[in-house]
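I have placed the structure first, in the form of structure tokens, so that the comments after it can refer back to it.
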Amino acid sequence: MLSAERILERCESLAQHSELPGGLTRVFLSPQARAATDKVLGWMREAGMQAKLDAIGNAGGRYEGNRPGLPCLMLGSHLDTVRDAGKYDGMLGVISAIECVSFLNTNNKRLPFAIEVLGFGDEEGVRFGTTLLGSRAVAGTFDLAVLKAKDPQGKTMADALREFGLDPEGIPTIARRQGDVLAYAELHIEQGPVLESEGLPVGVVTAINGFSRLRVTLRGAAGHAGTVPMNLRRDALAGAAECALAVERVAKSHAELVGTVGRFEVKPGAINVIPGEVMFTVDVRAPRDSLREQALATIRAEIERVCKARQLRSEIENLQDFGVTSCAPRLIGQMERAVASQGFRVRRLPSGAGHDGMALGAITEICMLFVRCKLGISHSPLESITKEDADAGVKVLSEFIRSFS
Ligand code: GLV
Ligand code: MN
Ligand code: MN
């Protein structure tokens, strides 16, 4: 039997592995990630899979088809979280996929293809600023240059991997070849309010919006907050604040655009010192690549304008760009039939959030199933789903797997 109860218990169980007392924060390559990953590997083995940690820190399990070595249907999602996160973003997809394999295994059922379940080590990009590290390694698009990226404590990704017991040089070896993977399917909470507003437990994703991420550093002059007259200041924070408002203005200029300044680091960061240097991040997303690219160009121009007017120096680092990833029409059709087979109305919708499927899209066709979440809230401890919806999601996924071709 597919058990929604077990799925939710496992989401709770993974949420215990957190660096945030009383809440959930689990970043890439942390001791908490190690404990959660080991737990997931154990569940994979219990479900009849061969399971192991790979060179980037993903938990990977394989359930052979009706003969060994067949190409696989890949399922999965991520095991890392944002800071002060919910318990379902990422984890629900991994645990539901394991539940589907457990169901097959209990019934001694083998399919004409293998199934692989991946619990990706990094999707959120919280620790090193760039995202989708686990899935890009599997897709063979991991840029080895990011091994030099540093976390806020100054540790490089390469060193963090070694501390985790992994060999960074092994990363290229986990890349799959086209043909090894028949398709990638991911179950994920919706992270938006559409399904709830329409009274539907699940929805079928059409495409994942593209995103771009920048890290911007503005440099002015630090000085005494009491002695330097206002007209002689080069205050990096006042300039950065103006830039953040420009990001908001640009994003608001088009209904399909969203733009966020999510981090601000002020140096030296004292009440009586004029800020000399500020780092902030920019995240821009859109369902059309040309719209996102145009918005980004405008934001860059606005930053330059602000800096010129305020005599600040700017450094703009492009952390990542990802184009829109479309779900494959044939897989959308198969997922829709699985939804209808469980008696639910079929609802198609795009994804505003990023997902591991964006990376897997480089080697295979992808599709996604969204599960309703309360008030559409995610990236928050208020993230919540019902047992009935977890049940609906896993049943649809299981039916999709059974009839996948
Ligand atoms: C991941 O959740 C993202 O969309 O940033
Ligand atoms: Mn997320
Ligand atoms: Mn996610």
Side-chain angles (χ1 to χ4, degrees), residues 11 14-15 18 20 23-28 33 36 40 58-59 75-97 117-136 184-192 203 205 207-215 247 251 256-263 281-287 292 319-325 327 349-361 366-374 376-385 390 393 397:
C11 289
L14 288 186
S18 167
L20 177 68
L24 174 56
T25 298
R26 191 172 55 241
V27 301
F28 185 41
V40 167
N58 299 324
L75 309 170
S77 194
H78 57 99
L79 297 174
D80 66 323
T81 72
V82 292
R83 297 202 177 278
D84 203 7
K87 299 169 185 158
Y88 308 100
D89 172 2
M91 288 69 78
L92 183 69
V94 181
I95 293 168
S96 297
V117 179
L118 272 293
F120 295 110
D122 172 276
E123 184 264 5
E124 302 284 8
V126 168
R127 183 163 179 188
F128 293 100
T130 67
T131 65
L132 300 167
L133 298 169
S135 43
R136 280 194 285 153
Y184 173 77
E186 177 169 348
L187 177 152
H188 201 284
I189 55 167
E190 181 199 349
Q191 306 182 269
V205 177
I208 308 171
N209 288 357
F211 68 84
S212 292
R213 291 180 160 195
L214 306 177
R215 175 165 29 224
V247 170
E256 289 180 315
L257 267 174
V258 286
T260 307
V261 174
R263 268 180 74 195
T281 56
V282 180
D283 177 308
V284 179
R285 308 191 191 207
R292 176 175 46 83
L319 292 177
Q320 212 167 11
D321 292 299
F322 244 104
V324 174
T325 305
C327 296
L349 71 175
S351 173
H355 296 289
D356 293 294
M358 300 179 94
L360 272 308
I366 72 147
C367 66
M368 290 191 73
L369 179 71
F370 272 171
V371 174
R372 165 170 57 189
C373 59
K374 191 173 176 188
I377 294 174
S378 74
H379 284 188
S380 154
L382 297 177
E383 220 170 73
S384 172
I385 65 164
L397 184 64

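Every number for a ligand or one of its atoms is a count from 1 in the order of the listing. These numbers were taken from a predicted model, which means no experiment stands behind them.
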**Study point:** N, O or S atoms of the protein lying under 2.8 Å from the Mn ion (ligand 3)
**Key:**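 Within the sphere that stays under 2.8 Å of the Mn ion (ligand 3), the protein atoms of type N, O or S are His78 NE2, Asp89 OD1, His188 NE2.
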Practice item. Indicate yes or no: at least one non-hydrogen side-chain atom of Val94 is less than 4.5 angstrom from one of Leu14. Key: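 Not in contact.
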Review point. Are side-chain heavy atoms of Thr131 and Met358 found at a separation under 4.5 Å?
Key: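 In short, these two side chains do not touch, never coming nearer than 4.5 Å.
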Check your understanding: What heavy-atom pair brings Ser378 and Gln191 nearest, and what distance separates the two atoms?
Key ->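 Smallest heavy-atom distance, with atoms named: OG-NE2, 3.1 Å.
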Would you say the side-chain atoms of [X] pair up with the backbone N or O of [Y], donor to acceptor, closer than 3.5 Å?
X	Y	value
Asp80	Glu124	yes
Thr25	Leu20	no
Tyr184	Gly76	yes

Tabulating one pair per line, provide the atom names and distances (0.1 Å) for every N/O atom of ligand 1 that is less than 3.5 Å from a protein N/O atom.
from	atom 1	to	atom 2	distance (Å)
ligand 1	2 (O)	Glu124	OE1	3.0
ligand 1	2 (O)	His379	NE2	3.1
ligand 1	4 (O)	Arg285	NH1	2.6
ligand 1	4 (O)	Arg285	NH2	3.3
ligand 1	4 (O)	Gly354	N	2.6
ligand 1	5 (O)	Arg285	NH2	2.7

Review point. Under the ring pair (Phe, Tyr, Trp, His ring centres under 6.0 Å) test, which residues partner His188, sequence neighbours left out?
Key: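 His78, His355.
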**Study point:** salt bridge (Lys or Arg N to Asp or Glu O under 4.0 Å) partners of Arg26, counting only residues at least two apart
**Key:**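 None.
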Point to revise | side chain to side chain contact (heavy atoms under 4.5 Å, CB included), paired with Ser135, selected from Leu118, Asn58, Asp356 | key: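 Output: one option passes, namely Asp356.
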